[in-house]
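Ligands are counted one by one from 1 in listed order, and the atoms in each one are counted from 1 as well.
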Amino acid sequence: MDMSNRRILVFPSAAELGPALARLVTARADQACTSDRGRFSVGVSGGSLVGLLSKELTASPNLDCSRWVVGFCDERVVQFSDPESTYGLYKDQLFSKVNIPESGVLAIDPTLPVQECAEDYARKLSEGFPGEAIPVFDLLLLGMGPDGHTCSLFPDHPLLEETQKTVAPISDSPKPPPQRVTLTLPVVNAARCVAFVSTGGSKAPVLKRVLEGGKGPVLPAARVAPSKGELLWLLDEPAAASLTVQMERPAPGAHI
Ligand SMILES: O=C1O[C@H](COP(=O)(O)O)[C@@H](O)[C@H](O)[C@H]1O
C-alpha cells in the first residue's frame with residue numbers, strides 16, 4: 001500500500017487538536033468553494049467526533065456553510081430523536097447553529113428497513129453528486145473504534161470486500177445499535193482527503209497496529225488509503241504514545 005500521501009499529525013491534547021481540525025475543515029471548504037466545483041462536500045462520522053467537531057466549528061469566526069454538502073460516513077438506523085442517531089446529535093450540536101441549508105444535509109430515512117435505508121441513502125448520494133459514478137467527497141472525517149473499525153466497517157466483516165455498492169446496510173454490527181448503513185471502502189478511498197481523528201490513550205494499541213502493521217488480518221481503518229487523495233491522521237499525544245513511525249507535531253495555529 002502506498003503511504004506517501006499519509007501524514008500523522010500529533011497534538012499535545014484534544015484541546016489543541018480541536019482548533020486544528022476546525023482550521024483543516026474551513027481551509028478545505030474555502031479551497032473547494034473557490035474551485036470549479038463551487039461547493040464543499042464533507043462526510044462526517046459519529047461517536048466522539050460529533051462533540052469535538054461541533055464545538056470547534058460553532059466557535060469558528062465567520063463560518064459560512066451556505067455551500068456545504070454534508071453526508072454521513074455511517075449512520076445508525078434509529079429515529080433521529082434517539083441519542084444513538086448521529087444525524088440527531090449533529091442537528092442539535094451543529095446544523096441548528098450554522099447556516100448549512102437543509103437541502104445540503106444528505107441524511108438517511110430512519111423509518112425504512114435497513115436494506116432500503118441503504119438504497120435510499122445511496123440514491124441521495126448519487127443525486128447529490130451528479131455525473132459522478134462514485135461520490136467523490138472533498139473531505140471525509142473518520143473516527144476509529146478500539147477494535148480498528150471505521151465508518152460501520154468492522155474487522156472480519158464481509159462488507160469490507162464490497163466493491164459495487166457505494167452504501168451498504170449492516171444488521172449485525174458488533175457495536176450497538178446493530179442496524180446501520182455505511183459508506184463502502186471504494187467511496188472512502190475515492191475521497192480527495194480523508195482525515196481520521198483519534199484521541200485518548202485507549203486508542204494507542206490499535207493505532208500502533210493500524211499505522212505500523214503487525215500480525216493478524218489488516219484492520220478496517222488500515223484499509224483506508226485514498227487512491228488519489230491525501231490521508232491525514234490527527235492524534236493527541238496519549239493516542240500516539242506507542243507509535244514509532246514518522247510523525248509531525250504542528251506548531252500552535254499552524255495550517256495543516
Ligand atoms: O460507532 C461508531 O464508532 C466510530 C468510532 O467512534 P469513537 O467514539 O471511538 O470515535 C465512529 O467513527 C462511527 O461513525 C460510529 O458510528
| task | Could you give me the CA-CA distance, side-chain angles and deciding distance for Ser152 and Asp74, then say whether side chain to side chain donor-acceptor pair (under 3.5 Å) is met? | result | CA-CA 6 Å; Ser152 284; Asp74 70 323; 2.6 Å; yes
| task | Please assess Trp68 against Leu63 for the test side chain to side chain contact (heavy atoms under 4.5 Å, CB included), listing each intermediate value before the final yes or no. | result | CA-CA 11 Å; Trp68 288 27; Leu63 184 73; 4.1 Å; yes
| said: Checking Gln179 against Ser173 for the side chain to side chain donor-acceptor pair (under 3.5 Å) test, could you report, in this order, the C-alpha distance in whole Å, the side-chain angles of both residues, the deciding distance, and whether it holds? | reply: CA-CA 6 Å; Gln179 300 205 320; Ser173 164; over 6 Å; no
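The aromatic ring centroids of Phe129 and Phe137 lie less than 6.0 Å from each other.
Of all the atoms in ligand 1, the ones that sit under 4.0 Å from a non-hydrogen atom of Arg180 are 1 (O), 2 (C), 16 (O). Interface of Ser45 with ligand 1, defined as ligand atoms under 4.0 Å from a residue heavy atom, comprises 12 (O), 14 (O). Within ligand 1, the atoms closer than 4.0 Å to a non-hydrogen atom of Gly143 are 12 (O), numbered from 1 in the order shown. If you number the atoms of ligand 1 from 1 as listed, the ones under 4.0 Å from a heavy atom of Gly47 come out as 6 (O), 8 (O).
Among all protein heavy atoms, the one lying closest to atom 4 (C) of ligand 1 is His149 NE2, 3.3 Å. If you check which protein heavy atom lies closest to atom 11 (C) of ligand 1, you get Gly46 O, 3.8 Å. Given atom 14 (O) of ligand 1, the protein heavy atom at minimum distance is Asp74 OD1, 2.6 Å.
Every N/O-N/O distance between Leu142 and ligand 1 stays at or above 3.5 Å.
Of the candidates Ser173, Ser48, Pro146, Cys73, it is Ser48 that places a heavy atom closest to atom 7 (P) of ligand 1. By heavy-atom distance, the residue among Lys203, Glu75, Arg76, Glu84 lying nearest atom 15 (C) of ligand 1 is Arg76.
Salt bridge annotation for Glu127-Arg123: present, with a cationic side-chain nitrogen under 4.0 angstrom from a carboxylate oxygen.
Between Phe95 and Tyr90, the ring planes are parallel. Angles under 30° get that label, and only those over 60° would be called perpendicular. In this structure, Trp233 and Phe196 have parallel ring planes: the angle between them is below the 30° cut-off, well short of the 60° mark.
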